[in-house]
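Okay, structure first, notes after.
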There are 2 protein chains.
Amino acid sequence: MTSLLQYFSKFNPLSKEAEDAIIKISTVVKIKKNQDLQPIGHTCKTIYFINKGIARIYYYKNGVDITESFSFENTIIARVESLFTGNPSRKGIQVLEDSEIIAINATQLFDLYDTYPEIERLFRKIFEKAYVDTVNRMEGIQFHTAEEQYIALIKEQPTLLQKVSLKHIASYLGITQVTLSRIRGAIR
Amino acid sequence: MTSLLQYFSKFNPLSKEAEDAIIKISTVVKIKKNQDLQPIGHTCKTIYFINKGIARIYYYKNGVDITESFSFENTIIARVESLFTGNPSRKGIQVLEDSEIIAINATQLFDLYDTYPEIERLFRKIFEKAYVDTVNRMEGIQFHTAEEQYIALIKEQPTLLQKVSLKHIASYLGITQVTLSRIRGAIR
DNA sequence: AAAATCCTTTTACAAATGTTAAATAATTAG
DNA sequence: CTAATTATTTAACATTTGTAAAAGGATTTT
């Protein structure tokens, strides 16, 4: 759990009691490549922290597998559109290599907010940052070409290319595999 | 300020003292059509609530005016990618008709978080909802055609069409005016 | 090691969108 | 009210992206 506490301390340092309270509602999960951490259709009541590995949020659009986002080591992953609304999610979380994940029980976490304002503040800040990242990514999607985005992606996340299949990267960029292949060809 | 307090109460009812504390750091602004509420380049230190009117967040991409989002009566508008990071924003907020806006001083608001955990909770919930809306909109942008989005837009926000020029709607949808005209022609 | 499966690239063609310019419609300013 | 400006539509053509199918690589399974 050290990496998790270290991650937290970057947002909002916690008292020992608050740290312990979070650890008490968290479990470590080991999960094999290509397995679902959470299946499509369930209501999200867990916030995950990736200790080791890579995960993606995905869903099906007209029968086609779409990757909504990737998450890397030492980051949080959650389907917020279910977590914050209580609605079942049409999205699943899948692990793309053998991974070690910390699962934080969100129901119990939200209860802790009443006792520990510092925990509420911590997660407020964590999700504010995630919100900002999402706004910035939306700008990318909407107003940059697929080629610009692909170039930015391999610059900012070079490991992604080695670990994730191109079809997932293509759907993440909102284009087909064929178009991504063409872009790769054009760059060379 | 009644409408603002009513808006708050839907997220997290406040004590009288907390309400007063927020009112104390808020001012009412009247602003004429097409004026900037906040210009491009400034660091966002204000959260706006639209009492009356319509506003949009916009910026320039290769010299072209792009609408990132619209906001309607009885909603909050803020450039979160500046508000939460302290970075200057490349985006501006413009009003699209004569409007009445409540401006909440964000610096002072964030200070209130220490004294009033209920206020911190209120804005946590407000921005959690905004985050969810953004995630859902991103899904729309990336995986629905412009025509699907336009049809959804006029269904969900029929007033938009009467009040906003088509070029703003086009850039909001990530397409050119010409393409939007074709879509409108095809629907008829 | 061979067979089977999955991933990636390539090709040919179709469909959608962008660009530029002109024509028409609507709105604003004097 | 008219002129000027701005907004919207239409047209012709170029470019991009999608679709479907096939071929070539790579990886996994038996």
Side-chain angles (χ1 to χ4, degrees), chain A residues 32-36 54 56 58 60-67 70 94-98 140-154 158-188, chain B residues 31-36 53-54 56 58 60-67 70 94-99 139-154 158-188:
Chain A
K32 290 268 174 218
K33 181 172 178 174
N34 292 332
Q35 299 275 9
D36 266 10
I54 295 186
R56 70 181 184 115
Y58 73 99
Y60 290 95
K61 155 91 179 163
N62 300 335
V64 181
D65 177 319
I66 302 285
T67 295
F70 297 107
Q94 183 195 35
V95 140
L96 297 176
E97 49 183 46
D98 293 1
I141 287 174
Q142 196 159 10
F143 304 115
H144 297 277
T145 64
E147 179 167 332
E148 286 169 338
Q149 282 195 77
Y150 177 72
I151 290 170
L153 191 67
I154 56 180
T159 53
L160 197 75
L161 264 187
Q162 286 132 36
K163 300 192 170 186
V164 176
S165 73
L166 290 177
K167 71 173 175 185
H168 289 154
I169 294 177
S171 76
Y172 172 77
L173 295 175
I175 57 178
T176 61
Q177 303 170 54
V178 177
T179 301
L180 182 55
S181 255
R182 281 194 275 239
I183 288 171
R184 286 160 57 85
I187 289 174
R188 265 189 264 111
Chain B
I31 179 167
K32 288 268 173 219
K33 180 171 178 174
N34 292 331
Q35 299 275 12
D36 266 9
I54 294 186
R56 70 179 184 117
Y58 73 98
Y60 289 94
K61 154 90 179 167
N62 299 335
V64 181
D65 178 319
I66 302 285
T67 295
F70 297 107
Q94 185 195 35
V95 139
L96 297 176
E97 51 183 46
D98 294 1
S99 299
E139 189 187 320
I141 288 174
Q142 196 161 10
F143 304 116
H144 297 277
T145 64
E147 179 169 332
E148 285 169 339
Q149 282 195 79
Y150 177 72
I151 290 171
L153 191 66
I154 57 180
T159 52
L160 197 76
L161 263 187
Q162 286 132 36
K163 301 191 169 184
V164 176
S165 73
L166 290 178
K167 70 175 173 184
H168 290 154
I169 294 177
S171 76
Y172 172 77
L173 295 175
I175 57 179
T176 61
Q177 303 170 55
V178 177
T179 300
L180 181 56
S181 255
R182 281 195 277 239
I183 287 172
R184 286 160 59 86
I187 289 173
R188 266 189 264 111

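Chain A is the first sequence line, chain B the second, and so forth, proteins listed ahead of strands; every chain is numbered from 1.
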Taking atom [atom1] of [X] and atom [atom2] of [Y], what is their separation to the nearest 0.5 Å?
{"X": "Asp98(A)", "Y": "Gln35(A)", "atom1": "CG", "atom2": "CD", "result": "9.5 Å"}
{"X": "Ile183(A)", "Y": "Glu148(A)", "atom1": "CD1", "atom2": "CD", "result": "10.0 Å"}
{"X": "Tyr150(A)", "Y": "Leu180(A)", "atom1": "OH", "atom2": "CG", "result": "5.5 Å"}
{"X": "Asp65(A)", "Y": "Lys167(A)", "atom1": "CG", "atom2": "NZ", "result": "6.5 Å"}
{"X": "Thr179(A)", "Y": "Glu147(A)", "atom1": "OG1", "atom2": "CD", "result": "11.5 Å"}
{"X": "Gln94(A)", "Y": "Lys33(A)", "atom1": "CD", "atom2": "NZ", "result": "10.5 Å"}

[Y] and [X], any side-chain heavy atoms less than 4.5 Å apart:
{"X": "His168(B)", "Y": "Leu96(B)", "answer": "yes"}
{"X": "Thr159(A)", "Y": "Val164(A)", "answer": "no"}
{"X": "Arg184(A)", "Y": "Ile187(A)", "answer": "no"}
{"X": "Leu166(B)", "Y": "Leu161(B)", "answer": "yes"}

Of all of residues 161-171 of chain B, which get a heavy atom below 4.0 angstrom from DNA chain C, listed by number?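 Within this stretch, nothing sits under 4.0 Å of the strand.
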
For Ile175(A) and Ala146(A), which heavy atoms make the closest approach, and how far apart are they?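 What the structure gives for the nearest pair is CG2-CB, 3.6 Å.
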
Looking only at heavy atoms, what is the nearest atom pair of Gly53(B) and Ser99(B), with distance?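 Of all heavy-atom pairs spanning Gly53(B) and Ser99(B), the closest is CA-OG, 3.3 Å.
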
Taken to the nearest whole Å, CD/Gln177(B) to C1'/dT24(C) is 15 Å

Calculate the interatomic distance between Asn34(A) atom CG and dC7(C) atom C1'; express it in whole Å.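 In whole Å, dC7(C) C1' and Asn34(A) CG are 13 Å from each other.
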
Return the set of residues passing ring-ring contact (aromatic ring centres under 6.0 Å, His included) with Phe70(A) (not counting sequence neighbours), or none when no residue passes.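 For Phe70(A) the ring-ring contact (aromatic ring centres under 6.0 Å, His included) partners, ignoring immediate neighbours, are Tyr172(A).
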
Do any N or O atoms from the side chain of Thr67(A) and from the backbone of Ser171(A) form a donor-acceptor pair under 3.5 angstrom? no

Kindly calculate the angle separating the two end axes of the helix from dA1(C)-dT30(D) to dG30(C)-dC1(D), each obtained from five base pairs, and round it to 10 degrees.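 Here the helix ends are tilted 50° relative to one another.
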
One character per nucleotide, please: for nucleotides 25-30 of chain C, 5' to 3', B when the base has a protein heavy atom closer than 4.0 Å, S when only the sugar-phosphate does, - otherwise. ---S--

Each nucleotide N or O in nucleotides 13-18 of chain C that has a protein N or O under 3.5 Å away: list the pair and distance.
| unit_1 | atom_1 | unit_2 | atom_2 | d |
| --- | --- | --- | --- | --- |
| dG18(C) | OP2 | Thr176(B) | N | 3.3 |
| dG18(C) | OP2 | Thr176(B) | OG1 | 3.1 |
| dG18(C) | OP2 | Thr179(B) | OG1 | 2.4 |
| dG18(C) | N7 | Arg182(B) | NH2 | 2.7 |
| dG18(C) | O6 | Arg182(B) | NH1 | 3.3 |

Need two values: the first and the last nucleotide of DNA chain D, 5' to 3', having an atom under 4.0 Å from any heavy-atom of chain B.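 Terminal contacting nucleotides, 5' to 3': dA7(D) to dA12(D).
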
